[in-house]
Number of protein chains: 2
Amino acid sequence: MVELPPKRVPRVDCMDCRIRRLTTFREFSPTELAFVSDFKIGQLAVNAGSTVIGEGARNPHLFTVYEGWGFRYKILEDGRRQVLNYVLPGDLIGLQGMLMGEMQHSVEAITPMQFCVFERDKISTLYERHAGLAFDITWIAAQEERILDEHLLSIGRRSAMERAAYLLAFLSNRARESGLVNGGPITLMVTQQHVADTLGLSIVHTNKTLRKLADRGVIRWLERGCDVLDEAALCQIAGWRPANPRQRPFI
Amino acid sequence: MVELPPKRVPRVDCMDCRIRRLTTFREFSPTELAFVSDFKIGQLAVNAGSTVIGEGARNPHLFTVYEGWGFRYKILEDGRRQVLNYVLPGDLIGLQGMLMGEMQHSVEAITPMQFCVFERDKISTLYERHAGLAFDITWIAAQEERILDEHLLSIGRRSAMERAAYLLAFLSNRARESGLVNGGPITLMVTQQHVADTLGLSIVHTNKTLRKLADRGVIRWLERGCDVLDEAALCQIAGWRPANPRQRPFI
DNA sequence: CGGGCCCTTGAATTCTCTCAAACAATGTGG
DNA sequence: CCACATTGTTTGAGAGAATTCAAGGGCCCG
């Protein structure tokens with residue numbers, strides 16, 4: 001994958017933030033908005049396939065995804081890769097790196113992406129003067145933990161078919177909550193290799209499993225993505241029910 | 001497993017806290033200590049096998065493990081169980097329940113356990129008046145996330161033998177950091193069923209894998225536990241290296 | 001002393017992986 | 001504009017890994 005240099009893009013003012021307008025996300029108080037606006041130091045745009053943060057990076061910045069699809073992953077020394085989770089608009093990334101001093105995983109862009117970049121050194125001010133936002137960051141971390149718990153259950157105990165159905169239903173939900181839909185069927189921007197590396201399966205077996213789902217008419221596989229045609233069926237196959245959607249915080 | 005009622009035990013004063021004296025954990029400032037001491041509302045003791053918090057519990061309390069071994073898990077409708085992580089002295093549990101309003105996983109005691117119970121309603125005071133402690137709670141959540149990332153990598157991409165070695169090395173490390181050692185070999189308080197449900201393997205295959213490790217002299221399996229004889233060998237088999245031990249926060 | 005939990009082992013079956021090959025779509029350089 | 005490389009998807013076949021089924025022994029507790 002060729003890595004082009006980050007693109008120059010105009011900074012989005014927090015006042016005009018597209019994400020804030022989504023009903024999924026909760027509203028800031030005026031003082032919080034003022035602080036966050038000051039907390040943000042820039043806009044970052046990367047091409048599809050770029051590594052946004054690499055494992056081992058020291059003191060990386062703190063970002064919120066503004067646009068695009070990406071994923072977090074870890075690799076073993078011999079190259080085996082595990083996708084840990086996907087990152088969508090509104091997601092906070094780099095928290096581990098900021099707290100632990102070093103990133104323990106990498107983040108790669110699937111589509112072109114944009115991020116809001118925050119001033120690392122102001123995080124202590126945030127904790128001292130904006131308890132509400134501090135609480136939100138903890139909430140976000142706990143939420144990620146909850147999702148990882150579910151993935152662990154899925155990889156550890158579900159069959160290949162159930163796992164695939166779970167993942168697609170999960171992503172479908174995430175995409176909807178992140179405002180990545182526009183009426184028609186939800187399109188997930190992932191390749192079969194991503195799915196395989198998320199499910200802990202080989203690419204071949206993943207293909208055969210997805211084929212069965214497509215033959216049943218539950219999904220339609222595209223070049224580099226898939227349309228979810230029957231989300232309820234996916235949930236039913238997986239034996240999974242999404243958490244109640246509630247307004248969630250973001251920075 | 002018979003569930004006996006919680007035992008009455010004397011409350012441990014934060015001044016006398018055994019965990020605070022371990023070098024693994026960082027020291028409180030006097031004002032923090034005073035606050036935490038007030039934050040703590042009681043001591044809870046449970047028998048081995050008890051369910052400490054059940055999935056679906058509404059507004060559960062916030063606890064810190066004071067003594068004993070336990071584990072967090074989720075189950076599918078048909079009973080398949082996945083162990084998500086183990087809880088040892090110093091670990092905070094119930095954060096998800098407090099933030100999300102409902103527990104998404106259960107916690108069960110392996111050995112008899114004791115907990116410090118905290119006043120849920122004072123959490124907002126903690127965030128407003130003790131930014132340092134608030135930051136610590138976020139740190140703890142991010143740390144759990146990091147561990148889940150590693151487990152996910154392990155279950156998703158390591159072979160049965162590598163997975164087993166990783167888990168035992170991981171637990172060995174955790175036990176050492178939690179002050180559960182006294183000179184001799186580290187004894188992990190888990191059954192093969194726990195290991196199987198953590199690794200996402202069947203009990204039979206887990207047994208055969210552990211047998212190989214025991215035959216190699218890397219571990220010695222006991223009734224309801226195992227002695228780690230050669231931690232370095234486990235790390236080597238798993239291709240894993242523990243994170244640098246650093247002082248970590250706790251509440 | 002019976003029942004339950006834990007560990008152990010062998011055998012047959014099922015699931016998943018690796019290997020191999022092929023095709024379509026896209027992008028690149030000449 | 002075309003040859004060529006690359007990426008992503010698809011399929012079949014054989015090999016390997018892990019599961020289920022079955023059974024037995026040891027230990028503790030009521």
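So you know, we letter chains A, B, ... as the sequences are listed, proteins then strands, and number each from 1.
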### Query
Mapping A/E223 and A/K208 onto DNA chain D by nearest heavy atom, which one lands closer to the 5' end?
A/E223
### Task
Give a yes/no on whether any side-chain N or O of B/R211 is located under 4.0 angstrom from OP1 or OP2 of C/dT9.
yes
### Query
Under 4.0 Å between a side-chain N/O of A/N207 and OP1 or OP2 of D/dT10, yes or no?
yes
If I take atom [atom1] in residue [X] and atom [atom2] in nucleotide [N], what distance separates them, rounded to the nearest angstrom?
X      : N      : atom1 : atom2 : result
A/R158 : D/dT19 : CZ    : C1'   : 19 Å
B/H205 : C/dT9  : NE2   : P     : 15 Å
B/L213 : C/dC7  : CG    : P     : 15 Å
A/R80  : C/dT18 : CZ    : C1'   : 14 Å
A/D78  : C/dT18 : CG    : P     : 11 Å
A/M161 : C/dT16 : CE    : P     : 10 Å
A/R224 : D/dT6  : CZ    : P     : 15 Å
A/I203 : C/dC17 : CD1   : C1'   : 13 Å

### Message
I want to confirm an ordering. Mapping B/T191 and A/S159 to their closest nucleotides on DNA chain C, which one lands closer to the 5' end?
### Response
B/T191
### Query
Do B/R146 and B/L148 touch side chain to side chain, with heavy atoms closer than 4.5 Å?
no
### Message
ring-ring contact (aromatic ring centres under 6.0 Å, His included) for A/Y66 and A/F115? Distances and angles first, verdict last.
### Response
CA-CA 5 Å; A/Y66 186 67; A/F115 303 89; 10.0 Å; no
### Task
May I ask you to check if B/R72 and B/Y86 form a cation-pi contact, with NZ or CZ under 6.0 angstrom from the six-membered ring centre and within 45° of the axis?
no
### Lys/Arg cation over aromatic A/Y166: A/R158, 6.0 Å, 45° cone
yes
### Task
Using a 4.0 Å heavy-atom cut-off across all strands, classify B/L201 as base, sugar-phosphate, or nothing.
sugar-phosphate
### Message
Considering every strand and a 4.0 Å limit on heavy-atom distances, what is the contact class for A/L199: base, sugar-phosphate, or nothing?
### Response
nothing
When you get a sec, tell me which of [options] is the closest nucleotide to the side chain of [X]?
X      : options                : result
B/V204 : C/dC5, C/dC17, C/dT9   : C/dT9
A/S202 : C/dC5, C/dT18, D/dG8   : C/dT18
B/Q192 : C/dT8, D/dT10, C/dA11  : C/dT8
B/A160 : C/dC17, D/dA18, D/dT19 : D/dA18

### Query
Hey, what's the ring geometry for A/F63 with A/H61, parallel, tilted or perpendicular (30° and 60° as the breaks)?
perpendicular
